[in-house]
Every structure is written in C-alpha cells, then in structure tokens.
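Presented below is the structure to which this report refers.
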There are 4 protein chains.
Amino acid sequence: MTTQETAAPPGRGRPRDEKARVAILDSAAELLLERGLEKVSMDAIARQAGVSKATIYRWWPTKESLALDSVYRQWSATRPEPHQTGSVSEDLIALLGSWSKLATGRPYGRIIAALLSAAQSDPGFAQQYRAHFVDQRREPGRAILRHAIDTGQLPPGTDIELGLDLLYGPIYHRLLNGHALINEAFIRDVVTTVHAGLNAAA
Amino acid sequence: MTTQETAAPPGRGRPRDEKARVAILDSAAELLLERGLEKVSMDAIARQAGVSKATIYRWWPTKESLALDSVYRQWSATRPEPHQTGSVSEDLIALLGSWSKLATGRPYGRIIAALLSAAQSDPGFAQQYRAHFVDQRREPGRAILRHAIDTGQLPPGTDIELGLDLLYGPIYHRLLNGHALINEAFIRDVVTTVHAGLNAAA
Amino acid sequence: MTTQETAAPPGRGRPRDEKARVAILDSAAELLLERGLEKVSMDAIARQAGVSKATIYRWWPTKESLALDSVYRQWSATRPEPHQTGSVSEDLIALLGSWSKLATGRPYGRIIAALLSAAQSDPGFAQQYRAHFVDQRREPGRAILRHAIDTGQLPPGTDIELGLDLLYGPIYHRLLNGHALINEAFIRDVVTTVHAGLNAAA
Amino acid sequence: MTTQETAAPPGRGRPRDEKARVAILDSAAELLLERGLEKVSMDAIARQAGVSKATIYRWWPTKESLALDSVYRQWSATRPEPHQTGSVSEDLIALLGSWSKLATGRPYGRIIAALLSAAQSDPGFAQQYRAHFVDQRREPGRAILRHAIDTGQLPPGTDIELGLDLLYGPIYHRLLNGHALINEAFIRDVVTTVHAGLNAAA
DNA sequence: GTGTAATCGAGACGGTACGTCGAGTCTTGTG
DNA sequence: CACAAGACTCGACGTACCGTCTCGATTACAC
C-alpha cells in the first residue's frame with residue numbers, strides 16, 4: 001500500500017520502529033499542508049517527527065515519495081461509504097461531492113499540484129502517483145458507470161473512461177486553476193450534464 | 001502583456017537591451033522544454049543566453065515568472081486563426097484540437113504543471129498564471145459558446161463557465177495525469193458529449 | 001598632487017566639473033571614515049556625491065586610488081606649522097604628537113590599514129601610497145634629524161633612516177594593532193628613548 | 001588555539017573530518033601566499049581542498065578567520081628554539097632575526113596587512129588577531145627584557161611594553177610599507193639602539 | 001551662431017564572489 | 001540491525017559590487 005517494502009523478512013536485527021514511521025508521516029502531512037511541498041525541508045520533517053533524517057531516507061527515497069505516502073495516508077483514513085442509491089446521478093454526486101469536500105477542506109490542492117509536477121519528469125513516480133491518486137479515485141466511479149450501463153441508465157456502448165475524464169476533469173480543473181469555486185451546485189451540474197451528454201451522444 | 005514594466009519613462013539612462021531580453025526568453029523556453037522547470041537553474045539560463053544572472057533578476061523576480069513569460073511568448077507566436085465554420089462542435093473541435101496539439105507537441109505539460117504548482121502558494125503569481133494561460137485560452141471558447149446560444153445551437157440559459165470547464169477540464173486532466181492519450185477522437189468525443197449534455201440538461 | 005592627470009591639454013570640450021571632484025572626495029572621505037574601505041561601495045560614494053559612477057571612474061581608476069586621494073586631501077588640509085624650537089626632542093615630540101593626534105582623532109587607522117593592504121599586491125599603488133603617506137611624513141622628521149646632527153645634538157654618523165623607522169614604527173605599530181594607547185607620554189617616551197639610543201650607540 | 005570550538009562533547013554524531021580540516025588550512029595557506037587574501041575566493045579554497053564550501057563555513061565564519069588560522073598554523077609549525085645566550089642584545093637579535101626571516105621569506109606581509117585591515121573594523125576579530133600574532137610574538141621578547149632587568153642589563157624601571165613596541169614597531173613598519181629592506185644589519189641596529197636608549201633614558 | 005568635443009547623470013550590462021540553504025549520503029556511537 | 005546525531009558533498013539560490021557601456025543632455029571653446 002505504501003511506497004517502500006512493508007518490512008524486513010522475519011525478525012533479523014532490530015525491528016522497524018512503528019512509532020517513528022507514523023510520526024514521520026504525520027509530521028510530513030502537517031508540514032505539507034501548512035507550507036506546501038517545496039517549502040518543507042526534510043530536516044524540518046525530521047525535527048518535527050523527532051527522528052533522524054537517515055531514518056526517513058531509509059524508508060522513502062525522496063521527499064516526493066514521502067509526501068505521496070503521507071497524503072495518501074490521510075486521504076485513506078477518511079474513506080466514506082459509497083452509498084449506492086441506485087441512481088447514477090445521485091451516486092456520482094455523492095462520490096464526487098465527498099471527495100471534493102475532502103480535497104478542498106484543507107490545502108491539499110498545492111500538494112497534489114506539486115506531486116503532479118514531480119510526476120511529469122519521473123515516469124516511475126508518475127506511475128506511483130496514478131496508482132494512489134488517479135486509479136484509486138476512478139475505480140468507484142467506474143463501478144457506478146458500469147452499474148448504470150447494466151441497469152440501462154446509460155447506453156451499452158458508453159465509453160466509461162471518457163465519462164470518468166468528463167467527471168473528474170472539470171473538478172480537478174477548478175481545484176488546480178482556482179478560477180471558480182467547487183461547490184455542490186457545480187458538482188451537480190457536472191454530473192447532470194455529463195450524464196445527459198453520455199445518453200444523448202450515443 | 002509581460003510580467004514586468006514595459007520600460008522606464010522616456011530615455012533616462014542606458015536603454016534596456018532588447019537582444020538580451022529575447023535571448024533570455026528563448027534560452028529559458030529551450031531549457032525548460034528540455035529539462036523542466038525545477039531542473040533548470042538560473043545560472044544555466046544566463047549562460048545559455050550569454051547574459052548575466054543579475055540581468056535576469058532585474059526584469060523577472062523569480063524563475064517561475066520568467067518561465068511564465070517564456071512559455072507564453074512561445075504559445076503566442078503560434079496563434080492560429082480560429083476558423084469559424086458556424087457549427088459549435090466543429091468550431092470547438094478546431095479550437096481545442098489545435099490547442100491540444102500545441103500543448104502536447106512538446107513537453108509543455110510539465111512546465112504547465114510546475115507553474116500550476118507555483119501558483120498554488122502565491123496568489124499574485126496565480127493571478128498572472130490565470131491571466132496568461134487560463135483566461136486567454138477560455139476567451140475564444142467563450143465566444144464560440146456565446147455565438148452558439150445566439151444561433152440556437154445551445155439553449156439560452158446555458159451556463160457558459162460550466163461548459164468551458166467541461167471542455168477544458170478533461171483535456172487538462174489527461175495532459176497532467178497522463179493516464180490516457182489526447183488525440184482527435186478524444187477531443188471530438190469530449191466536444192460531442194458536452195454539447196449534447198448542455199442541450200439535454202437544459 | 002593627485003593620482004590622475006591634472007587636466008586635458010588646453011581647453012577642448014567641456015571642462016571638468018570642479019564641484020563634482022570636490023563632492024566625490026568629500027563623500028568618499030566621509031563614508032570611508034564611517035564604514036571603512038571595504039564596506040564602502042562606489043555606488044554609495046556616487047550616490048552620496050550626487051554624481052554618476054562613470055564620473056568617478058573617469059578620474060580615479062580604482063576605489064583604492066580614490067581613497068588615497070580622499071584621505072590625503074583631508075590630511076593635507078590640516079598641515080600644522082612645524083614649530084622649530086631648536087631642541088631635537090621637542091621638535092620631534094611636536095611633530096609626531098600632532099600627527100598622531102590627527103591620525104587617531106578619527107578612524108583613519110582602518111583606512112590606512114586598507115591602503116597598506118592594497119599596496120602589498122600592487123607595486124604601482126604601493127609607490128603612490130608611499131609618496132603620499134610615507135615620504136611626505138618622513139621628510140619633516142628627516143629635516144629635524146639632519147638639523148640635530150648639524151647642531152651636534154646627534155653624532156655625525158647617525159643613520160637617519162633608521163632613526164625615522166625607530167620613531168614612526170612604534171606609533172604605527174600601536175595605531176594598527178591597537179594593543180596599547182597612543183598618548184603624549186608614549187610619544188615622549190619613544191622620542192626620548194630613540195634620541196638617547198642614537199646618541200649612545202654611536 | 002584555533003578559532004572554533006575544539007569539538008562537540010564526547011562522540012555524538014559523525015566526528016569532524018580531520019583530513020578535511022587540514023586540507024582546508026593547507027589549501028588556504030597556499031592560495032593566500034600565492035594571491036593574497038582578497039584575490040582568493042572561498043570557492044577556490046574549497047575546490048583546492050577537495051571540500052564543500054559549506055564545510056568551510058561550518059567551521060570558520062569568515063574568510064579572514066580562516067586566513068588567520070591558516071597562517072597561524074604555518075607560523076606555529078616553525079617555532080625556533082629561543083636560544084638564550086645571556087646577552088639581551090644577542091637574544092633579541094636572534095629572536096627578531098628568525099621571526100623577520102620567517103615573515104619575509106614568503107609573502108606573508110600582504111596576508112598580515114589584510115588581517116590587520118580586517119581587524120580594524122571588527123573588534124572580535126581584532127582580539128583574535130592580537131592573541132595569535134601580537135601577544136604570541138611579544139611574549140618571548142617580554143621574557144628577554146624581564147630577564148635583562150633581573151640581570152642588570154637594563155635598569156629596574158624599564159618600560160617593557162614601550163621596549164617591545166620600539167623593537168617590533170620598526171620591523172613591522174618596513175615589512176608593511178616596504179620603503180626599506182629588512183636585513184640582519186637593520187635588526188642589529190634596531191636592537192642596539194633600543195637597548196642603548198632604554199639604558200640611557202632611565 | 002554653429003559645430004566639435006569632452007563632460008555629466010542615469011542606469012543597464014557582464015562578471016565574479018558572496019554566504020546560505022536544501023537534498024541526499026555517510027560515519028560515528030548507542031540500543 | 002535500527003536509529004539519533006550530525007558532518008559531509010553537491011549544486012543552486014538570490015544579492016552585492018565591480019568596472020564598462022550606452023544613452024540623452026549639457027557646457028565649453030573654436031570657427
């Protein structure tokens with residue numbers, strides 16, 4: 001689930017200090033939200049976590065990978081029950097609404113932007129980023145769209161990946177560019193329009 | 001149009017060296033495309049431009065602002081005539097298609113991502129970024145949508161800003177996340193679906 | 001008297017601005033005494049003098065040469081009449097006393113030290129420094145010693161240059177090292193001891 | 001004996017790299033003698049020593065303090081046995097002669113001048129300079145003069161500090177001003193005259 | 001008066017070094 | 001082994017001066 005090996009094999013030597021791991025992730029998250037990725041130094045994280053810098057580097061190769069794990073951990077902690085109402089629109093609005101609330105509730109936007117930026121020049125990191133943040137988020141949406149096709153709320157030939165981009169894209173767009181607010185009405189409008197469009201365009 | 005003041009009053013003192021200005025912008029663009037923002041140093045840009053670092057800092061406060069001007073200059077150079085066919089869909093496809101070709105033709109994506117990331121922590125820079133890259137891009141789209149409403153191709157109450165987010169969002173989403181290709185079919189699908197959705201949802 | 005050519009041949013072109021020359025020398029002296037040579041920038045001198053930097057460089061090749069002229073001008077302004085009493089000791093005490101008062105009255109020490117330091121690596125400047133500060137100061141002392149030999153207050157074979165070093169050396173030593181005070185008693189002791197020594201050693 | 005703290009308590013953390021310390025001091029000395037203080041950059045010293053600039057700044061706050069340690073180290077290495085012959089004059093000539101040979105053997109003069117200059121504007125540095133170069137040098141001379149008083153070669157009331165200034169001052173004077181040579185004859189003349197003077201003036 | 005020639009203020013320029021900061025590595029001793 | 005402490009390399013940062021250069025504007029003398 002995280003970037004690095006989960007642990008050493010059985011029990012050779014001193015075992016990994018779990019408290020240190022948690023302290024690092026928590027300190028990182030806190031500092032990242034407070035200052036943003038590029039304004040947070042590894043020394044600061046180490047100091048805040050009461051941990052040696054070497055200990056961080058033993059488990060995370062770069063600041064970015066630590067940030068990724070750190071934020072992912074926070075986002076995973078608040079995983080809301082995807083309440084299936086049966087209606088595509090309502091399910092999507094619930095899904096995207098709760099996620100957008102999470103994303104905009106604290107300054108995650110700039111961490112996401114920084115990770116996104118780092119991913120542009122590092123294919124390996126890009127893959128990790130997508131695995132944790134893109135795929136993980138798209139999967140429940142994909143399930144809802146699939147279910148919608150099965151129940152006839154969307155035509156059989158519907159391009160699910162296109163649909164997901166049409167749903168997530170606009171929200172990410174506003175999240176990153178900040179040119180307009182992300183509120184419930186916007187989420188509702190996006191879902192409604194895309195739903196209608198996918199039905200009509202078939 | 002650029003970041004800094006256009007010039008001092010009339011002619012007091014030695015005038016700004018226009019050749020240096022162009023050399024800086026060109027060198028910056030070249031290096032940025034080659035390596036990405038964070039891997040390009042001001043020293044490298046200065047060296048490449050045959051210019052002193054102080055001269056760069058005299059006119060651009062940060063590397064980011066230079067990158068912004070530099071990329072904007074390149075994008076402005078290739079401003080294609082938005083050929084109005086009269087059909088919303090065709091006009092939008094032409095607009096978004098030519099832009100996406102420009103954006104994906106060279107590794108602009110990572111520069112955009114870096115600028116976006118910088119904008120998250122600097123409101124002043126965010127405003128500049130939006131003025132140059134967001135607003136500038138949305139305006140022709142906005143014109144097309146307005147015209148579509150006038151000609152009855154879209155219902156009168158259509159939310160234009162929502163429409164623009166639905167059109168640009170998915171493309172930016174793929175550009176930045178790289179989880180799927182941006183090709184003509186995708187552009188066409190986005191436009192078609194959004195057009196249909198805006199008509200149906202009214 | 002100064003470092004640079006006194007003027008252009010006859011009168012072709014705009015003549016040198018005398019007010020600027022004085023303003024530069026005065027501003028330099030003021031700033032030098034206030035901050036010391038290495039903490040004073042040419043820009044600061046130019047600003048203070050209400051003069052362009054180029055104007056300074058037109059007449060003085062380096063900051064050091066300007067400092068030399070500037071301090072020399074101040075020291076020359078207060079040239080006290082060397083009142084010949086007829087007694088070697090009294091004449092020397094008067095000479096060295098008035099000079100040491102001048103030198104210690106304001107922080108000239110650090111300017112002298114800086115000039116001295118600059119002279120170590122630049123033979124041309126060293127020569128100028130000596131001409132203005134060393135020779136100029138030794139000459140009246142030399143006259144007194146010569147007169148002392150003529151009047152029998154010092155033996156005929158007295159090494160005058162040695163005597164001058166024995167007189168000036170200790171004062172400079174305290175001026176530069178600051179390990180002990182330079183007061184009238186010290187001057188008197190130096191003169192008395194050296195006078196006695198030169199007489200006894202013959 | 002040096003500028004910085006000798007070490008951290010016992011053994012916490014990686015110990016200071018002794019090889020780096022020596023390499024820095026040696027490289028500094030070499031470059032300083034070659035070019036003089038102001039023409040040597042910290043980068044050059046770091047490069048020559050095969051060391052990072054940060055490592056230098058960790059242990060020496062300024063270039064001047066490094067130069068001081070560096071030169072002091074060299075001067076300490078060649079500490080000649082002060083051979084007591086019993087004669088004040090001979091002892092002093094031996095002492096001052098060997099020191100002046102050391103000081104003039106290589107271009108230490110300009111480094112001394114530069115340190116002296118730096119000391120003029122920084123009381124803390126001035127104190128360090130005096131501790132290393134002035135006091136350290138005066139002490140053996142002081143011992144000789146004290147012994148001379150004890151053995152009746154100098155009168156009981158002799159002002160030792162005055163004597164030291166009369167001895168060292170002229171030599172420093174010639175060293176820094178370069179208006180005349182420092183040779184054995186000069187040293188002998190200085191010592192003889194001062195010795196005679198101190199005896200006669202009492 | 002009208003060149004002609006040198007001056008001046010303003011300020012941009014190339015260059016060099018500064019001293020600092022952060023990333024990531026390495027080297028100790030301790031648990 | 002893991003880990004705390006902390007020294008280390010590397011490379012970039014943004015700033016400060018230096019000394020040079022282009023401007024346009026001024027001020028004299030020579031014609």
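- We find that CG of D:L37 is positioned 13 Å from C1' of E:dA17, with the value rounded to whole Å.
- Between the P atom of F:dG14 and the CH2 atom of B:W60 lies a distance of 15 Å, rounded to the nearest Å.
- Where D:P15 and C:S41 each meet DNA chain F at their nearest nucleotide, the meeting point lying more 5' is that of D:P15.
- Atom P of nucleotide E:dT16 and atom CD of C:E38 are separated by 22 Å, given to the nearest angstrom.
- Counting any heavy atom pair closer than 4.0 Å across all strands shown, A:A46 reaches no nucleic acid atom.
- Between the side chain of B:K53 and the base of F:dG14, a donor-acceptor pair under 3.5 Å is found.
- Atom CZ in C:R21 sits about 16 Å away from atom C1' in E:dC8, given to the nearest Å.
- The side chain of A:W59 sits closest to F:dC3 out of F:dC3, E:dG19, E:dG15.
- Between the D:Q127 side chain and the D:P123 main chain, no donor and acceptor come within less than 3.5 Å of each other.
- If you find the closest nucleotide of DNA chain E to C:G13 and to D:V40, the one lying nearer the 5' end belongs to C:G13.
- Note that B:R21 lies outside the cation-pi zone of B:W59, set by a 6.0 Å cut-off to the ring centre and a 45° limit from the axis.
- Across all strands shown, D:T55 has heavy atoms under 4.0 Å from base atoms, whether or not it also approaches the sugar-phosphate.
- Between B:R58 and E:dC13 there is a side-chain N or O to OP1 or OP2 distance below 4.0 Å.
- Here CZ of A:R130 is found 11.5 Å from CZ of A:F125. Values are rounded to the nearest 0.5 Å.
- The side chain of B:D17 has E:dC13 as its nearest neighbour among F:dG14, E:dC13, E:dT25.
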Exercise. Can you list the steps and then say if D:Y129 with D:D122 is a side chain to side chain contact (heavy atoms under 4.5 Å, CB included)?
Worked result: CA-CA 10 Å; D:Y129 171 77; D:D122 181 341; over 6 Å; no

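- The side chain of A:K63 sits closest to E:dA23 out of E:dA17, E:dC13, E:dA23.
- The CZ atom of D:R12 sits 10 Å away from the P atom of F:dA4 (whole-angstrom rounding).
- Comparing F:dC17, E:dA10, F:dA5 by their closest approach to the side chain of C:S52 singles out E:dA10.
- Between the side chain of A:K53 and the main chain of A:M42, no donor-acceptor pair closer than 3.5 Å is present.
- Considering only side-chain atoms of C:R14, the nucleotide from F:dG14, E:dA6, E:dG11 that sits closest is E:dA6.
- Between the CZ atom of B:R47 and the C1' atom of E:dG15 there is a distance of 13 Å, given to the nearest Å.
- Toward the 5′ end of DNA chain E lies the nearest nucleotide of B:E18, the other residue of the pair D:A54 and B:E18 mapping further downstream.
- To the nearest angstrom, P of F:dA7 lies 13 Å from CD1 of D:I24.
- If you measure from atom OH of A:Y57 to atom P of F:dG6, you get 18 Å, rounded to the nearest angstrom.
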